[in-house]
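Notes to accompany the following structure.
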Amino acid sequence: MKPYSSPKEGAGITQLAECQLPKLNVAGSIPVTRSIILLAAVLLLYSSLLTASTSSQQNYWLEVSGDGVLGTSYTMDEISLLQQLKNADRRALIPLVRLLVASGRINDAEIWMENRGKIIPVTRRDLGIALSWYGRFDLYNVISIDIGIPPDIENDAYASTLTAILHMGWMNTSQDGCFHPDLLVGYNDLELLSNDFFPAAFHWERNWIGMKSLDSLFVAGSRERAIDER
C-alpha cells in the first residue's frame, strides 16, 4: 500500500462510536491473568442457565458486576444490552454475560466480567469504523472499486467501507469468507495494523482491547509518522 497519510485533527474512534469510557493505560500494559475465581464464576453462571436461579445466585452476580439491578427491564437482545453499556449503564452487564455464556461465547463472557463492564471491548466492526477514519485518505482510491462484499455484512451501513478495508489488507476475512463483525478484536488483528498505523514501539499482550486504548494507539502512531515526515 502507499505511504500512510497522517490524518488531520478531528474525531477519533470514541466520537465515531459514541462511547464515553474510562482510559486504559497503553504504555507498559501487562497481560491480565484470568483467575480461577473468574473462571469458576463464569462456569457457575453457565450452570445457573440450566437450573432455576436462586435469589442468592442473583445477588452474587450483582455483587461481582459492581452495581445495578437485575430486573425484567434488562431482558433485552445483545445489541440493546451493548448500547446500554456504551451509555455507561452497568446494570446491563449480567444480562449480557448470561446471553454470551448461553450462546457458547465463554471467552467473551470472561472478558466482560474481567473489566466489570467499565471498558467496552472493541469488535471487528468497531475496528473497521476506526480504520475508515484513520485510513480515510488511502481508502479514497479503492472505496468505489467493485469488490465482493462478505455475506455477513451485506446489509451493514459500512459494508462498502469494510470491504475496502479488507482490500487494503488491514483486516482479513475468516476461512468461510465472512467478516464476523461482532467478534472481539484480538492481538492478531492489532499486529496486522502495527506497521501502518501504530507506533514503532507498539506492544500489546491482552487478547482484547478497549476503545480508549485503541484510539490512543492510532493517535500515537499518527503523531510519530507526522514527526518522521518533517
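We number each residue from 1, following the sequence as shown. The structure presented is a predicted model; accordingly, all values stated were derived computationally and were not measured.
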Side-chain heavy atoms nearer than 4.5 Å, only ILVMFWY residues, links allowed to pass through others: does that put Leu183 and Met171 together?
no

Looking only at heavy atoms, the pair that brings Pro151 and Cys178 closest together is CG-SG, 3.8 Å

Any luck finding a side-chain donor-acceptor pair between Trp204 and Glu191 under 3.5 Å?
no

**Item:** Ring-face cation of Arg206 near Tyr187 (centre distance under 6.0 Å, axis angle within 45°)
**Value:** no

*Between the main-chain N or O of Val185 and the side-chain N or O of Asp189, is there a donor-acceptor pair closer than 3.5 Å?*
no

NE2 of His167 to CG of Leu139, rounded to nearest 0.5 Å, is 10.0 Å

Should Asp108 and Trp208 count as side-chain neighbours, where that means a heavy-atom distance under 4.5 Å?
-> no

Practice task
Indicate whether the side chain of Tyr134 and that of Asp196 have a donor and an acceptor atom separated by less than 3.5 Å.
Solution key: no

**Request:** Answer yes or no: is there a side-chain heavy-atom contact under 4.5 Å between Met113 and Ile94?
**Result:** yes

Between Phe197 and the options Leu190, Leu217, Leu192, Leu131, the side-chain contact (heavy atoms from CB on, under 4.5 Å) test singles out Leu131

Separation between CD1 (Ile129) and OG1 (Thr123), nearest 0.5 Å, reads 7.5 Å

Checklist line | Residues, nucleotides or ligands: over 12 heavy atoms within 6.0 Å of Asp176 CG | finding: yes

In this structure, CG of Asp77 is separated from CG of Leu96 (nearest 0.5 Å) by 10.5 Å

Check: Sub-3.5 Å donor-acceptor pair from the side chain of Asp152 to the main-chain atoms of Phe179, do we have one?
Finding: yes

Interatomic distance, CG@Leu127 vs CE@Met211, rounded to 0.5 Å, equals 9.5 Å

Nearest heavy-atom contact between Ser194 and Phe202 is CB-CD2, 3.6 Å

Taken to the nearest 0.5 Å, the spacing of Arg91 CZ from Leu85 CG works out to 11.0 Å

The residue among Val142, Ile149, Thr173 that forms side-chain contact (heavy atoms from CB on, under 4.5 Å) with Thr163 is Ile149

Handout entry: Validation row: Ile119, Lys212 side chains within 4.5 angstrom (heavy atoms)
Key = no

What class does the angle between the rings of Tyr140 and Phe137 fall in, given that below 30° is parallel, 30 to 60° is tilted and above 60° is perpendicular?
perpendicular

- Message: Donor-acceptor pair, distance only, cut-off 3.5 Å: does the side chain of Arg136 make one with the backbone of Trp133?
- Response: yes

- Query: Does the pair Asp182/Arg124 count as a salt bridge with the N-to-O cut at 4.0 Å?
  - Reply: no

Requested in this report: State, with a plain yes or no, whether a side-chain heavy atom of Leu100 is found less than 4.5 Å away from one of Trp112.
Outcome: yes

dist Leu82:CG -> Asn87:CG (nearest 0.5 Å) comes out at 11.0 Å

Practice prompt. Under the side chain to side chain contact (heavy atoms under 4.5 Å, CB included) rule, what do Asn107 and Ile111 come out as? Steps first, then yes or no, please.
Written response: CA-CA 6 Å; Asn107 183 63; Ile111 290 171; 3.7 Å; yes

Are Glu78 and Arg105 close enough for a salt bridge, meaning some N to O gap below 4.0 Å? yes

Could you tell me whether the side chain of Arg90 and the main chain of Arg116 form a donor-acceptor pair under 3.5 Å? yes

Of all heavy-atom pairs linking Ser213 and Ile209, the shortest is CB-CG1, 3.7 Å

Smallest heavy-atom separation, Val101 atom then Ala109 atom, equals CG2-CB, 3.6 Å

In sequence, state the C-alpha distance, the side-chain angles, and the governing distance for Leu184 and Val122, and then conclude on side chain to side chain contact (heavy atoms under 4.5 Å, CB included).
CA-CA 6 Å; Leu184 298 185; Val122 176; over 6 Å; no

